[in-house]
Number of protein chains: 2
Amino acid sequence: MTRNRAGTIEPETCCASVLAAPLSEGQSEDLARVFAALGDPVRLRLLSLVADAGEVCSCDLLEPLGKAQPTVSHHTKTLAEAGLIVGEKRGRWVWWSIVAGRLDEMRAALAVAEVPT
Amino acid sequence: MTRNRAGTIEPETCCASVLAAPLSEGQSEDLARVFAALGDPVRLRLLSLVADAGEVCSCDLLEPLGKAQPTVSHHTKTLAEAGLIVGEKRGRWVWWSIVAGRLDEMRAALAVAEVPT
DNA sequence: CGAATCTATCGACGGTTGTCAATCTATATC
DNA sequence: GATATAGATTGACAACCGTCGATAGATTCG
């Protein structure tokens, strides 16, 4: 598996499916890392807030999530490392937005009866 | 959120999307439970084996997964409680199969640009 | 019944994770 | 430069999780 400079995970197999039999250990580890990032209720709410607003700065996430600042920072980092969001620093603020393509990849991984290319 | 007697998760909102802004705490917890079940490489490989074979008995999972019997039993239980697989006992064996609808629900939850009803 | 086999449960161990107070870095403002 | 603010990092703690040996339950076969 490869890893880009931002440290996000980039499986060589962009479309490995859970339904494609025996998933290799490498593929399963890459997919599991991203699903694990989705496996926390606070991170899912964070993701929904970012998706809804299009762009959100971290400071606007504290109150709706009801978590302390280091906790929110920890979650944004986890989601960013999973490639699900990206942050852009502007002045003192970091603006987060969804990586739609990454969500599509995960959807594809869950696809039943995927037509192999 | 509701929960049936088998202990499997049953969100009242079958199609709650991560993109539908602020996901309620209940919705996010239900979704997170299922994504967390998917967030382990051994369980993803297990899922792929079941999906590929259509039906697999637990005894045939030990060797390909390279895990001890209690560990495999633990993982099948986790996936079953998440509603991703179902087991049918026949004689001494338990035959596991995929719940395709559950995978579709999770794909829908990750859908970008979902059209709200 | 007794032996063998498949699965689930229990208990324990080590590693990981979510959380927050305290602290540090970077940026902006006076 | 001094002060204030947004965010990241560190360290600590409790809770959770993956793993497996031992054991128990269920079913089949002799």
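Lettering follows sequence order; numbering is per chain, from 1.
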Inset, instruction - Respond yes when some side-chain nitrogen or oxygen of B:Thr71 is under 4.0 Å from OP1 or OP2 of D:dC20, and no when none is. - result: yes
Inset, instruction - May I ask you to test the A:Leu44-B:Glu29 pair for a side-chain heavy-atom distance under 4.5 Å? - result: no
Inset, instruction - Give the rounded distance in Å between these two atoms: CH2 of A:Trp93 and C1' of D:dT5. - result: 8 Å
Inset, instruction - Would you state whether a donor and an acceptor, one from the side chain of B:Gln69 and one from the base of C:dA8, lie under 3.5 Å apart? - result: yes
Inset, instruction - Could you tell me whether the phosphate oxygens of D:dG7, OP1 or OP2, come under 4.0 Å of any side-chain nitrogen or oxygen in A:Lys77? - result: no
Inset, instruction - Please determine if a side-chain N or O atom of B:Ser73 lies less than 4.0 Å away from the OP1 or OP2 oxygen of C:dA8. - result: yes
Inset, instruction - Please check the phosphate of C:dT19 (OP1 and OP2 only) for any side-chain N or O of A:His75 closer than 4.0 Å. - result: yes
Inset, instruction - Could you name each residue pair satisfying salt bridge (charged side-chain N to carboxylate O under 4.0 Å, His left out) that touches residues 82-97 of chain A, not counting sequence neighbours? - result: A:Glu55-A:Arg90, A:Glu88-A:Arg90
Inset, instruction - Please state how far atom CG in B:Leu61 lies from atom P in C:dC6, giving the value in whole angstrom units. - result: 13 Å
Inset, instruction - Between A:Arg90 and B:Cys59, just flag the one whose closest nucleotide in DNA chain C comes earlier from the 5' side. - result: B:Cys59
Legend entry - Closest-nucleotide ordering on DNA chain C, the 5'-leading residue of A:Lys67 and A:Lys89: A:Lys67
Show the atom names and distances, to 0.1 Å, of all donor-acceptor pairs under 3.5 Å that link a side chain in residues 56-65 of chain B to residues at least two apart or in another chain.
unit_1: B:Ser58; atom_1: OG; unit_2: B:Trp96; atom_2: NE1; d: 2.7

Inset, instruction - Verify the contact: side-chain N or O of A:Arg92 to OP1 or OP2 of D:dA4, cut-off strictly under 4.0 Å; return yes or no. - result: no
